Each structure stands twice: as C-alpha cells, then as structure tokens.
Amino acid sequence: MTNDEMLIREAIGEEAGQAVDPGTVLAALHGGRKPRRSRGLAVAIAGVAVTAGIAGVMIPLTASRGDEAGPAAANAATGAQGEQTILVLGLDKLVDEGQRPDSIMLLRAGADGSFRALSVPRDSRIDPESKLNMAYLKAGGGDKGAQATAAEVEKLTGVRAQHYVTVAMTDFPELSTAVGGVEVCLKKAVNDQLSGANLPAGKQTVSGEQALAFLRQRRGLPNGDLDRIARHQAFLRGLAARLATLEPAKLTALVDTVKRTVHTDAALDVLGLARRLTSQSGLTAATIPTDGSVDTPSAGQALAVDPVKVRKFTTEFFGNGPAPAGGGAPNGTDTRTPCVN
Amino acid sequence: MPDGFDQFVTDRLDRLLRYATAMTCDRYLAQDIVQEALLRAQRRWGRIGAMDAPYLYVQRMVTNEYLSWWRRRASRDVASPATTIAALTPPVGDPAVHHAERDAMRARIAQLPRKQRAALVLRYYEDRSDAEIAEVLKCTAGTVRSHISRALKTLRADNRVMEVL
C-alpha cells in the first residue's frame with residue numbers, strides 16, 4: 001500500500017468517526033418517526049433569508065478570519081475581483097417532494113466588501129397564471145429549479161445572478177441560540193398564537209424558538225408576507241452585526257449547521273468571496289416595489305409587479321447609493337437596529 | 001426474543017452510520033439517509049432479512065438514498081470553513097504535519113464526485129472487492145476500477161499542487 005493510500009484510509013476513517021451517536025437514530029427508529037425531517041418541515045415555514053444571510057455572511061466571515069489567523073493571510077488581497085450576484089433561495093421543506101422557495105433574494109457582494117440583499121417576494125406574479133415561487137418546482141427543483149428561478153428573477157429585475165445558493169431551514173432555533181441571540185426591534189408588541197410570537201415592542205435580543213417565531217409570523221401583520229420579509233431582513237442585519245463581533249471559536253462551532261443547510265452551484269467560489277468580505281462589510285437590504293394583491297385564475301392571490309418599476313428600483317439599489325424610496329421595507333445600513341412592523 | 005430487524009440494527013447501525021458519514025462527509029445528512037433507509041428496510045424486512053447478505057442490501061439502499069438525494073439537490077456543498085482553512089493553510093510545524101496532511105486529504109476527498117467517493121469509501125473503509133462495490137453502486141466492476149483510479153489520480157494531482165503552494 002502506498003503512502004497516499006494510507007493517508008486516504010486515515011482520512012476516511014477520521015471522517016467516519018464524525019458519525020452521530022447511534023442512540024439518536026435508535027430513538028427515532030423506535031418512535032417510528034423521522035424527527036429530523038419532520039422538524040425540518042415545521043421549522044422551514046420560516047423559510048427565510050436568514051440562512052441566506054448565513055450563506056452569504058457567515059461563511060465568508062469565518063473563512064476570512066481563518067485566513068487572517070493563518071499563514072495564508074498574504075493571499076487575502078489577491079481575492080479581490082469584480083462584484084458577484086448570487087441568487088439565494090430559502091426552501092420551505094427538506095428533500096421531500098413539493099419543495100418551494102419561501103424566500104428569494106438577490107445578494108450582491110460588491111468589490112469593496114459591501115453587501116446588498118434585494119428580496120423578491122415569493123408571491124410576485126410572473127405571468128397571469130403563476131407566482132415566482134412556482135418556477136422552482138415546475139422546473140423539477142434542484143439545480144434546474146434554481147436556474148429557472150434565476151431566469152424569472154432576471155426577467156423581473158433585469159439582474160442576472162451568476163450563482164445560486166439554496167438553503168433549507170432545519171436547525172434555526174439552535175443556530176440563533178448558538179450566536180447568543182440576535183438584536184431586533186419591533187414597533188409594536190405582538191402575541192400571535194399561530195407562530196408562537198410573543199414579543200414586546202422595542203429593541204430586544206431574540207434566540208431559539210422566539211427567534212423562529214419572529215421570523216415565521218405572517219398573520220396579524222398588516223402586510224402579511226411583505227412584513228415577514230421585512231423581519232427576515234431585520235434579522236439578517238442583526239445576525240450580520242452579531243457575527244461580526246463573535247469570537248472565532250464560536251463561529252467555528254456553527255460550521256456544522258451551515259454545512260448541512262447550504263448548497264451552491266458548483267462554480268460559486270466561496271473562497272474568493274471569503275477573501276474579499278470582512279467583518280467590516282455592511283449589509284443593506286430592501287424589497288422590490290409591488291403593487292398590491294391580485295387574483296390569479298389558478299394560483300390564488302399573487303402580488304402585482306410592474307417590471308419597469310422593479311428594474312428601475314433594482315438598478316438604483318445595486319447602484320450602491322442608499323436604498324431608494326418606493327420599495328418595501330428598505331433597511332439602510334446607517335441605523336444599527338431599525339424597528340420593523 | 002428480538003426480531004431479526006432489531007438484531008440487525010443493534011449489530012450494524014454504528015457501522016452504517018460511519019459508512020454513510022464517510023460517504024457524505026456530513027454527519028447529519030448521513031443520519032437522515034441511514035434513518036430513512038432503515039425505516040424502509042423495516043417495512044420489507046421479511047424479504048431483506050431472508051437474503052444472503054442483508055447488510056450489503058441495506059448498504060446499497062443507503063448509498064442509493066445519497067446518490068438520489070444528490071440528484072435532487074444543488075450540485076455541491078459549500079466548502080466548509082474547516083475545508084477552507086485546510087486548503088488555505090499549508091502544513092507547518094513538525095508534530096502538526098501529519099495531522100494537517102490528513103485533514104487536507106479529508107478536504108480533497110470531500111470534493112470528489114459522489115460516485116467516486118462512494119467507491120473510495122467502499123474500498124478503503126469497508127474493504128470491499130470490486131465485485132461487491134459494483135453491486136452496491138449498480139455498475140460493472142470495470143466502472144468501479146475506473147471510479148477508484150480517477151479518484152486516486154485526482155487526489156494525487158491535488159497533492160502535487162499543494163506541495164508547490
């Protein structure tokens with residue numbers, strides 16, 4: 001046996017040693033249930049830009065810190081490239097059939113390390129019969145679904161995403177707890193039984209189940225899904241701020257969660273992205289302008305969108321100025337914790 | 001007296017989880033697919049349990065679950081920061097060298113195409129013959145040899161690149 005083969009054996013053995021405790025699987029088998037997946041279903045309603053944020057913010061942050069700490073720091077400067085636009089899809093379920101993106105975002109990583117997120121509501125009407133989030137499933141999901149969604153988003157916004165990232169929400173409460181909570185601010189106190197959101201008005205740090213409820217609540221908010229998107233963005237900004245101040249050891253502890261929830265197209269150079277994003281990267285978020293609810297013949301209520309307005313807004317937003325007026329829920333970078341619905 | 005399935009799980013669960021973890025490079029995904037495969041095997045245990053090699057059959061279910069899971073998903077995992085750091089950091093310092101080399105190898109294995117990785121794990125972790133691997137992967141022994149030789153070639157080529165860096 002060659003040295004290479006011995007090294008391979010050891011490496012595979014090391015990987016195998018990461019297996020979970022059989023006891024957890026035994027418990028699931030005896031319960032006759034699939035707890036991880038079903039929890040995924042329940043949790044995933046939160047859909048969410050949040051893991052999107054994790055994909056976009058946390059991995060680069062973690063990697064860039066590893067970079068600074070390691071001897072390869074000298075290479076850091078060589079990663080500078082042009083800007084990159086990534087389509088981020090927050091999927092509502094795990095692998096099982098019927099998967100749809102609940103949260104759809106264009107994420108632009110600027111060459112200067114800035115970071116802009118534009119939400120495109122899942123209910124945006126893309127033709128008289130369909131909403132944006134139907135494109136994914138129609139194309140068969142997976143890579144094809146992501147590409148089909150990217151094509152529809154391009155039609156709507158005029159921006160072509162070079163890459164995509166899909167995320168399925170599975171372990172959200174643990175994640176928010178692991179970072180030590182995320183600071184958000186509510187304009188009004190809420191108590192919604194459906195999502196379990198029971199939160200006071202004003203600035204607060206949410207984690208665990210309450211963070212999840214904060215992200216899930218759609219009922220009882222004047223603008224439904226649009227208000228929920230505003231919460232996703234607020235949370236994302238709070239998360240980015242939190243991650244920027246978190247010690248590296250804690251970040252590393254989150255790696256497992258990120259790794260199992262985030263998937264990308266093969267060409268996305270996460271490392272390259274990592275080299276240009278730093279903890280100083282700001283995050284600005286906004287939602288495309290929409291024109292109210294309309295009925296569709298077979299897809300229920302959709303949000304009317306005017307491609308001309310949307311394109312204009314998108315161009316201005318990605319033009320690196322402040323978030324333009326007219327869109328939903330602009331969240332500028334200036335206020336640290338803007339209050340939402 | 002425990003039924004055949006319970007006995008099978010008691011005997012084999014740990015090994016199956018390790019196998020799946022090595023193949024997927026993702027302990028939680030491994031947990032999901034092993035759980036899924038065992039739940040399905042349980043429903044058909046009358047037939048599976050009567051086979052000559054139930055373990056091989058269940059291992060094939062686990063492998064298929066992974067390969068088809070992949071077909072339904074985006075094409076690869078984001079390089080984890082662990083992988084990233086391993087790739088960024090050339091091994092330095094005497095006692096750390098071997099450990100770093102092994103971690104770097106782990107990172108490179110994680111980047112292999114899934115069938116090549118499955119074949120590699122069956123060969124170097126499960127010590128299976130070409131014919132057995134062919135049965136698990138539902139291909140010919142020739143294809144198995146080709147998967148493994150390609151994987152080895154990639155891992156060696158990467159090695160050279162690492163050394164130059």
Side-chain angles (χ1 to χ4, degrees), chain A residues 4-5 7-22 24-26 28-29 32 34-37 55 59 62-63 65-67 69-72 75 94-95 99 140-143 146 164-166 170-171 251-252 255-260 262-266 268 270-271 274, chain B residues 9-10 13-14 16-23 25-32 34-36 38-39 42 69-85 87-90 92 98 101-110 120-121 123-125 151-152 155-156 159 165:
Chain A
D4 274 344
E5 283 175 311
L7 197 58
I8 289 169
R9 247 176 223 278
E10 284 179 28
I12 294 176
E14 179 84 8
E15 190 72 56
Q18 306 295 309
V20 297
D21 179 4
T24 57
V25 179
L26 272 181
L29 287 175
K34 299 180 274 178
R36 278 185 48 75
R37 289 193 183 209
I59 294 175
T62 314
R65 286 179 194 193
D67 203 2
N75 293 337
L94 281 185
V95 190
Q99 207 176 29
D143 283 328
Y164 56 84
V165 171
T166 62
T170 52
D171 289 290
L251 273 179
T252 314
V255 165
D256 258 356
T257 312
V258 174
K259 199 178 166 225
R260 70 172 178 269
V262 177
H263 296 268
T264 80
D265 63 292
L268 178 60
V270 180
L271 206 60
Chain B
V9 170
T10 306
L13 178 58
D14 189 42
L16 270 176
L17 279 171
R18 286 166 175 273
Y19 164 71
T21 304
M23 176 175 64
C25 298
D26 180 334
R27 61 203 297 233
Y28 297 104
L29 175 60
Q31 176 183 351
D32 271 355
V34 166
Q35 223 160 274
E36 187 71 32
L38 285 176
L39 283 167
Q42 185 172 29
W69 178 89
W70 265 91
R71 278 196 287 277
R72 293 191 297 253
R73 295 294 291 229
S75 51
R76 75 173 172 86
D77 281 318
V78 163
S80 74
T83 310
T84 305
I85 290 162
L88 276 171
T89 315
V92 283
H98 186 69
E101 274 184 355
R102 192 185 60 202
D103 281 355
M105 177 60 85
R106 238 178 100 188
R108 291 199 296 278
I109 291 171
L120 206 69
V121 171
R123 161 62 47 80
Y124 291 107
Y125 186 69
L152 291 178
L155 296 174
R156 282 179 191 135
N159 242 337
L165 285 175

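No hydrogens, no waters, no symmetry mates; every other heavy atom, side chains included, goes into these values. All values derive from a computational prediction rather than experimental measurement. Residue numbering restarts at 1 for every chain, and letters A, B, ... go by the order of the sequence lines.
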Validation row: [X], [Y] side chains within 4.5 angstrom (heavy atoms):
X	Y	value
B:I109	A:E15	no
B:L155	A:I8	yes
A:I12	B:L120	yes
A:E5	B:Y124	yes

Stepwise side-chain contact (heavy atoms from CB on, under 4.5 Å) test for B:L17 and A:V25: CA-CA 9 Å; B:L17 279 171; A:V25 179; 3.9 Å; yes
Applying side-chain contact (heavy atoms from CB on, under 4.5 Å), run through A:Q18 and B:R106 and close with a yes or a no. CA-CA 12 Å; A:Q18 306 295 309; B:R106 238 178 100 188; 3.7 Å; yes
Once side chain to side chain contact (heavy atoms under 4.5 Å, CB included) is applied, do any residues pair with B:A20, and if so which ones, sequence neighbours excluded?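 Per chain and number, B:A20 pairs via side chain to side chain contact (heavy atoms under 4.5 Å, CB included) with B:A30, B:I33, B:V34, B:V62.
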Nearest-0.5 Å distance that lies between atom CG in A:D4 and atom CZ in B:R156: 5.0 Å
Once rounded to the nearest 0.5 Å, what's the spacing between atom CD of B:E101 and atom CD of A:E10? 9.5 Å
Could you look at B:V9 and say if it's the side chain, the backbone, both or neither that has a heavy atom under 4.5 Å from chain A?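 Side chain only.
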Based on non-hydrogen pairs under 4.5 Å, which of A:P22, A:G13, A:A11, A:A16 is most in contact with chain B? A:A16
Going by the rule side-chain hydrogen bond (donor to acceptor under 3.5 Å, both in side chains), which residues pair with B:D14 if we only count those two or more places apart in sequence or in a different chain? B:R18
